[in-house]
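Below is one structure, written out as structure tokens; the observations come after it.
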2 protein chains.
Amino acid sequence: MASRRAARKPQGRYHHGELRRALIEKAASVVEREGVAALSLRDLARRLGVSHAAPAHHFPDKAALLFEIARDGFDRFAAAMEAARAQGTNPLDRLRCVGEAYVHFAIAHPGRFRVMFGREISDLRSIPPELDEAGQRSFGVLVGVVEAVLARWPARRRPPAEAVAFSCWSSVHGAAMLWIDGPLRRKSPPGEARAAFEHDLAFMMKLLGAALMPPSE
Amino acid sequence: MASRRAARKPQGRYHHGELRRALIEKAASVVEREGVAALSLRDLARRLGVSHAAPAHHFPDKAALLFEIARDGFDRFAAAMEAARAQGTNPLDRLRCVGEAYVHFAIAHPGRFRVMFGREISDLRSIPPELDEAGQRSFGVLVGVVEAVLARWPARRRPPAEAVAFSCWSSVHGAAMLWIDGPLRRKSPPGEARAAFEHDLAFMMKLLGAALMPPSE
DNA sequence: CAGCGGAACTTGACACCGACAAGCGCGGTG
DNA sequence: CACCGCGCTTGTCGGTGTCAAGTTCCGCTG
């Protein structure tokens with residue numbers, strides 16, 4: 001057992017800076033698969049083959065680990081928003097694409113989404129600069145798309161873009177939350193509930209678009 | 001110490017069926033003041049002067065206690081919705097009142113609101129009949145108001161009420177969640193953030209109203 | 001090249017939690 | 001009067017986050 005370090009070198013070795021990344025990745029996968037309530041630092045350490053106190057050396061707090069998950073989530077989220085914007089063919093269509101992408105991201109990654117917009121993060125003491133940046137990037141996509149939609153309005157009667165963006169944001173955020181947490185999901189037949197949800201979501205985006213048409217007079 | 005039962009009778013006595021109700025009330029107050037994460041059965045028992053295992057005799061599970069809080073919350077919520085509807089002077093105004101009441105209830109009772117629409121409840125095994133009833137009551141108010149607004153549309157082009165109700169629900173729910181949990185609350189000066197929120201909320205309700213005006217042609 | 005400092009990790013402990021099992025006291029019923 | 005069961009207590013178990021102290025090993029300095 002002389003060089004047991006060298007022997008396990010090709011495998012996962014958790015010296016150096018590997019543990020931190022491994023913890024984040026494993027934690028994110030647990031959050032995605034089983035939810036944030038099932039996340040335990042000790043269990044995480046167990047799965048990674050390290051002692052129960054090892055995580056504490058990389059994260060002062062469980063909240064700090066959650067924060068890292070949220071940070072990563074906001075990056076992916078912003079990327080998804082930008083990709084969705086690129087798919088639209090005109091301003092209104094872009095708004096629809098972005099809105100639906102918002103909801104579909106939440107449905108595809110409910111655990112991550114809950115952490116991102118959950119209380120643990122928003123209650124964080126230090127105003128996290130890099131997280132705010134990623135969040136602003138996502139919100140910026142929405143605001144930009146809204147501004148493009150409003151560009152067709154006469155400048156005189158054009159409503160403020162932030163207020164419109166707030167409305168759009170609330171709508172898609174609410175739809176997402178109602179689906180992943182709320183009472184919508186457990187309607188009679190699961191598949192049918194999902195289909196009805198998609199239908200209602202499409203309708204909502206259409207309604208939003210109609211409300212943002214420039215006044216015809 | 002003969003009749004120590006009788007002696008403490010006027011004060012809080014937790015024999016009989018009092019403990020159950022006391023637990024629910026205390027738990028609700030803790031949830032309102034410190035959030036659901038700070039709720040502990042043992043601490044609850046401590047505050048009520050009973051042993052740590054006493055709550056287990058009234059609730060098989062911590063989730064069962066949370067369920068009771070949600071149930072009570074939905075009752076109050078439905079009452080608030082109905083009261084708000086009564087304040088409106090016409091269909092569109094009623095929709096505005098109900099929508100703002102929805103958000104303001106969430107802001108006034110964020111802990112309760114999170115439990116009501118949280119994962120612990122919606123993941124509950126048994127479909128809870130009485131809770132669904134209270135939830136349906138609230139949703140029914142919204143649907144009723146929406147139907148009244150849509151009554152002015154020509155029947156031929158009238159959109160389905162449930163889809164419109166879904167849109168309205170999503171909007172107000174999203175606004176509420178974004179405020180109580182999301183990144184909105186911690187804008188630069190707290191008071192200003194709240195004022196901006198109220199302004200944006202009012203704008204959103206106006207936008208919703210505009211989208212639901214019958215086509216003029 | 002020796003050795004030293006510090007980073008990464010381990011071991012151990014503490015307080016707390018939810019859940020379970022067994023026991024006790026008292027009121028009401030036979 | 002004896003008994004039974006409800007409401008609560010005491011005790012225990014496995015699990016968790018966090019802190020303190022010890023250990024191992026890498027890489028840099030002299």
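Quantities reported herein were computed from a predicted structural model and do not represent experimental measurements. Below, chains carry the letters A, B, ... as their sequence lines are ordered, and counting in each starts from 1.
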What is the separation between atom [atom1] on [X] and atom [atom2] on [N], rounded to the nearest whole Å?
{"X": "F59(B)", "N": "dG18(C)", "atom1": "CZ", "atom2": "P", "result": "14 Å"}
{"X": "E18(B)", "N": "dG7(D)", "atom1": "CD", "atom2": "P", "result": "12 Å"}
{"X": "H58(A)", "N": "dT10(C)", "atom1": "NE2", "atom2": "C1'", "result": "13 Å"}
{"X": "L41(B)", "N": "dC20(C)", "atom1": "CG", "atom2": "P", "result": "12 Å"}
{"X": "L23(A)", "N": "dA8(C)", "atom1": "CG", "atom2": "C1'", "result": "12 Å"}
{"X": "H57(B)", "N": "dG25(C)", "atom1": "NE2", "atom2": "P", "result": "16 Å"}
{"X": "K62(A)", "N": "dC17(C)", "atom1": "NZ", "atom2": "C1'", "result": "13 Å"}

Next on the checklist: Counting only side-chain heavy atoms from C-beta out, which of dG7(D), dA19(C), dT18(D) sits nearest to D61(B)?
Outcome noted: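 Shortest atom-to-atom distance from the side chain points to dA19(C).
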
### Task
Describe the nucleic acid contact of A56(A) in one word from base, sugar-phosphate, nothing, applying a heavy-atom distance below 4.0 Å.
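Nothing, no nucleic acid heavy atom in range.
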
Using a cut-off of 4.0 Å on non-hydrogen atoms, how would the nucleic acid contact of A53(A) be classed: base, sugar-phosphate, or nothing?
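Touches a base.
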
Residues in side chain to side chain donor-acceptor pair (under 3.5 Å) contact with [X], at least two apart in sequence or another chain:
{"X": "D93(A)", "result": "T89(A), R96(A)"}
{"X": "E198(B)", "result": "H104(B), R194(B)"}
{"X": "E34(A)", "result": "R47(A)"}

Quick one: side chains of residues 74-87 of chain B, donor-acceptor pairs under 3.5 Å with protein atoms, not counting sequence neighbours, listed by atom name and distance.
{"residue": "R76(B)", "atom": "NE", "partner": "D72(B)", "partner atom": "OD2", "Å": "2.9"}
{"residue": "R76(B)", "atom": "NH2", "partner": "D72(B)", "partner atom": "OD2", "Å": "3.3"}
{"residue": "E82(B)", "atom": "OE1", "partner": "R137(B)", "partner atom": "NH1", "Å": "3.1"}
{"residue": "E82(B)", "atom": "OE2", "partner": "R137(B)", "partner atom": "NH1", "Å": "3.1"}

Exercise. Would a line drawn from the ring center of H199(B) to the ring center of F203(B) be shorter than 6.0 Å?
Worked result: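 No, the ring centres sit 6.0 Å or more apart.
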
Residues forming a salt bridge (charged side-chain N to carboxylate O under 4.0 Å, His left out) with E162(B), sequence neighbours excluded: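 With neighbours one apart ignored, the set is empty.
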
Could you list the protein-to-nucleotides 12-15 of chain D atom pairs, N/O on both sides, closer than 3.5 Å?
none

